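All of these numbers come straight from a predicted model, not from anything done at the bench. Residue numbers start at 1 and run along the sequence shown.
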Amino acid sequence: MSARMPTVRLVLTLLSGAVLLAAVALAVLPGVFATADPLQTDVRQALLPPSPAHWFGTDQSGRDVYSRVVHGAGRSLGIGVLATGLALLGGMLIGTLSGLAARPVDAILMRANDVLMAFPEFLLALIVVALLGPGAVNVAVAVTLAAAPVYVRLARSQTQALRRAEHVEAARILGVPAGRAFLRHIAPGVLGSLSVLATIGLGSSILAAAGLGFLGLGPAEPAPEWGLMLAGGRNVLGQAWWISVFPGLAITATVLAATYAGRTLRARAEGRVR
């Protein structure tokens, strides 16, 4: 059993990496992989099942589902990556400020952060995008605000731990300016921890963005977006299952791959796997 586990872990790691690379390739070069225009309609070709001519079938307007899934990768992954990156940067900025600031400032920032953390991430994103209005940019902002509190909390704890580390104390005794000591000894450690967390949070951000798109709060028709496509086929699921199933599989595979890759990186960082 113990001899088989590393092999299984290696296979899952390679599979996750392959799925993520494929998703990135589709997002960056959709025209290379798509077989048709994702926006072209043809009512004569509506609701065709998967076939050599239309690998994933067609939707109610006769649009090629495979091409829409390929082009939808850019929007779905783009929103998730943008939201994760902004949450990481914002969380690092506020968290390190809280970790280095005086106690009253730290208390105010952390109490506000605790209020945000009291809400489930998707519920908080839903509230924010409901206030801002639908659209891809507003969805990215909403997912960023929902994900940021976790990064703030981790950045603060890492900053407080590193500022008391022996090498930071030694730098302070030797007269190294506070700004230089922060950039050389504290910021890299905080950023490393947040980067590992971001690989796990990427899957959650993609899923949250797809969920908001499913509710009609993301990109509007006829834009190809996985969550919007998933919602578009729900009323004809019994007649044309492929309209929702293939975008759903794309979401599931990407989120699982990103989450597993992130958990593997975190385990390596903690020294639990070799």
Please tell me if the side chains of [X] and [Y] come closer than 4.5 Å, counting only heavy atoms from C-beta onward.
| X | Y | result |
| --- | --- | --- |
| Leu228 | Phe214 | no |
| Pro134 | Val129 | no |
| Val245 | Leu230 | no |
| Gln40 | Asp64 | no |
| Val65 | His54 | no |
| Leu39 | Pro224 | yes |
| Val143 | Leu212 | yes |
| Glu121 | Ser204 | yes |

Examine [X] and [Y] and state if one hydrophobic cluster contains both, with Ile, Leu, Val, Met, Phe, Trp and Tyr joined whenever side-chain heavy atoms are less than 4.5 Å apart.
| X | Y | value |
| --- | --- | --- |
| Leu10 | Leu15 | no |
| Ile206 | Leu86 | no |
| Leu249 | Leu207 | yes |
| Ile251 | Leu26 | yes |
| Leu48 | Val236 | no |

Under the side-chain contact (heavy atoms from CB on, under 4.5 Å) criterion, do Met229 and Val69 qualify, and how do the steps go? CA-CA 8 Å; Met229 295 173 62; Val69 170; 3.6 Å; yes

To check you understand the geometry: which heavy-atom pair defines the closest contact between [X] and [Y], and what is its length?
| X | Y | answer |
| --- | --- | --- |
| Ala258 | Leu20 | N-CD2, 3.8 Å |
| Ala87 | Thr144 | N-CG2, 3.6 Å |
| Ala36 | His71 | O-NE2, 4.5 Å |
| Val139 | Gly218 | CG2-CA, 3.6 Å |
| Ala223 | Pro219 | CB-CB, 4.2 Å |
| Ala23 | Thr254 | CB-OG1, 4.3 Å |

Approximate separation, where rounding is to 0.5 Å, of [X] [atom1] and [Y] [atom2]:
| X | Y | atom1 | atom2 | answer |
| --- | --- | --- | --- | --- |
| Thr84 | Leu194 | OG1 | CG | 12.0 Å |
| Ser193 | Leu154 | OG | CG | 5.5 Å |
| Leu191 | Ile186 | CG | CD1 | 13.5 Å |
| Tyr151 | Leu89 | OH | CG | 10.5 Å |
| Leu202 | Leu77 | CG | CG | 7.0 Å |
| Leu162 | Leu100 | CG | CG | 10.0 Å |

So that I can tick it off, tell me whether Arg63 and Asp42 are bridged by a salt bridge, with the cut-off set at under 4.0 angstrom between side-chain N and carboxylate O. no

Under 4.0 Å between a Lys/Arg side-chain N and an Asp/Glu carboxylate O for Arg156 and Asp106?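 Asp106 and Arg156: salt-bridged.
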
Can you label the angle between the Phe246 ring and the Trp241 ring as parallel, tilted or perpendicular, going by 30° and 60°? tilted

How about Thr159 and Thr96: does a side-chain donor come under 3.5 Å of a side-chain acceptor? no

For residues Gln45 and Thr58, is any side-chain donor paired with an opposing acceptor at under 3.5 Å? no

Has Arg111 got more than 12 heavy atoms of other residues, nucleotides or ligands less than 6.0 Å from its CZ?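 Check passes, neighbour count above 12.
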
Please determine whether the number of non-hydrogen atoms from other residues, nucleotides or ligands lying under 6.0 Å from atom CZ of Phe119 exceeds 12. no

Derivation and outcome, side-chain contact (heavy atoms from CB on, under 4.5 Å), residues Val152 and Met110: CA-CA 9 Å; Val152 172; Met110 284 302 98; 3.6 Å; yes

Quick check against the 3.5 Å criterion: does [X] have a side-chain atom that pairs as donor or acceptor with the backbone of [Y]?
| X | Y | answer |
| --- | --- | --- |
| Thr199 | Val196 | yes |
| Ser98 | Ile94 | no |
| Gln60 | Ile243 | no |
| Ser67 | Pro38 | no |
| Asn113 | Pro149 | yes |
| Trp55 | Pro50 | no |

side-chain contact (heavy atoms from CB on, under 4.5 Å) for Tyr260 and Leu12? Distances and angles first, verdict last. CA-CA 8 Å; Tyr260 184 83; Leu12 291 177; 3.6 Å; yes

cation_pi(Arg68, Phe56) dist<6.0 Å, angle<=45: no

Are Leu215 and Leu126 close enough, and set up right, to give a side-chain contact (heavy atoms from CB on, under 4.5 Å), and what steps lead you there? CA-CA 9 Å; Leu215 295 175; Leu126 183 61; 3.9 Å; yes

